[in-house]
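To start, the structure under review is shown below, and the notes come after it.
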Amino acid sequence: SLDLVNRELANTLETARGEIEDYVDGQSDSEALVRAASMLHLAAGALKIVEIHGAALLAEEMEQVCRRIHEARGEDSEQAVEALTRAMVQLPAYLERLMSGGSDVALVLLPLLNDLRTARNQPMLSEGTLLLLNTGPFERLRGGQGQAPTQGFGNAVPALAQRLRPKFQ
């Protein structure tokens, strides 16, 4: 499904990148960040639709950082701009890796996501949060092996929980 939206997504990200570069180079005012945030919002929506959750989360964080820098009117935004420009380079590279057959492992984006969150004075994400990003309920119970649930699957979970309960207590 990423194949279907890749060209438009690449154009959208390139437009956002241009707006951010214009702002960083001083060729445009902070309204360029609002335009970049709008482009990133569109990209995040498209990535959610095609279920590329790691990249969608990165695009959302980038959008929020753009809005934060705009609202701050450039005050104390050097760290935020640096994280934003690194993310603007890494997001297309990440999508290119997915297009070449790689899997959506949001964990590789964790340092960058945390830099963007720190720039907005938000709490950092943990590895556990990102590990559960792409898994559905059956995959979490199976350990993500990608197999269909077996016939006795429902009985195995309570037995396993009962056996492990004393260890957790």
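Bear in mind that the values here come from a model prediction, so they are computed numbers and not experimental data.
- Contact of the Gln64 side chain with the Gln122 side chain is not registered, since no non-hydrogen atoms from C-beta on lie closer than 4.5 Å.
- Under the 4.5 Å side-chain heavy-atom criterion for ILVMFWY residues, a single connected hydrophobic cluster contains both Val105 and Leu112.
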Pair Leu110-Glu127, side chain to side chain contact (heavy atoms under 4.5 Å, CB included): steps then yes or no: CA-CA 7 Å; Leu110 182 63; Glu127 291 179 8; 3.6 Å; yes
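- If you take CD1 on Ile20 and SG on Cys66, they are separated by 4.0 Å, rounding to the nearest 0.5 Å.
- Val34 and Val81 fall into different hydrophobic clusters, where Ile, Leu, Val, Met, Phe, Trp and Tyr are joined by side-chain heavy atoms under 4.5 Å apart, directly or via other members.
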Gln90 vs Arg86, side chain to side chain contact (heavy atoms under 4.5 Å, CB included): CA-CA, chis, key distance, verdict: CA-CA 6 Å; Gln90 193 165 352; Arg86 282 188 298 127; 5.7 Å; no
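- In this structure, Leu107 is a member of the same hydrophobic cluster as Tyr94, with clusters built from ILVMFWY side-chain heavy atoms closer than 4.5 Å.
- One finds the CD atom of Gln27 at 11.0 Å from the CD atom of Glu19 (value rounded to the nearest 0.5 Å).
- Closest heavy-atom contact between Ala59 and Leu91: CB-CD2, 4.2 Å.
- Using a cutoff of 4.0 Å between basic side-chain nitrogens and carboxylate oxygens, Glu63 and Arg67 are scored as salt-bridged.
- For the pair Ser30 and Ile69, the minimum side-chain heavy-atom distance is 4.5 Å or more.
- To the nearest 0.5 Å, atom CG of residue Leu57 and atom CG of residue Leu47 are 11.0 Å apart.
- Using a 4.5 Å heavy-atom cutoff, the side chains of Leu9 and Leu42 are not in contact.
- Between Ser28 and Arg35, the closest heavy-atom pair is OG-NH2, 3.4 Å.
- Classification of Glu21 and Arg17 as a salt-bridged pair holds, one side-chain N sitting under 4.0 Å from a carboxylate O.
- Counting only distance, with no hydrogens or angles, the side chain of Asn114 and the backbone of Leu125 share a donor-acceptor pair below 3.5 Å.
- Shown here for Leu109 and Gly54, the closest heavy-atom pair between the two residues is CD1-O, 3.5 Å.
- Annotation for Leu113 and Leu58: closest pair CD2-CA, 3.6 Å, computed over non-hydrogen atoms.
- Val24 and Met88 fall within the same hydrophobic cluster, where Ile, Leu, Val, Met, Phe, Trp and Tyr residues are linked whenever their side-chain heavy atoms come under 4.5 Å apart, directly or through other members.
- Within the 4.5 Å cutoff, side-chain heavy atoms of Arg120 are placed close to those of Arg117.
- Remark: Leu116 CG to Met62 CE distance equals 7.0 Å, nearest 0.5 Å.
- By the criterion of side-chain heavy atoms lying less than 4.5 angstrom apart, applied directly or through intervening Ile, Leu, Val, Met, Phe, Trp or Tyr residues, Val5 is grouped together with Met99 in one hydrophobic cluster.
- Between Asn121 and Arg68, some side-chain heavy-atom pair lies under the 4.5 Å cut-off.
- The shortest non-hydrogen separation linking Asp29 to Tyr23 is O-CD1, 3.6 Å.
- The CG atom of Leu84 sits 11.5 Å away from atom CG of Asp115, with the distance rounded to the nearest 0.5 Å.
- Nearest approach of Ala43 to Leu13, heavy atoms of both residues: CB-CD2, 3.9 Å.
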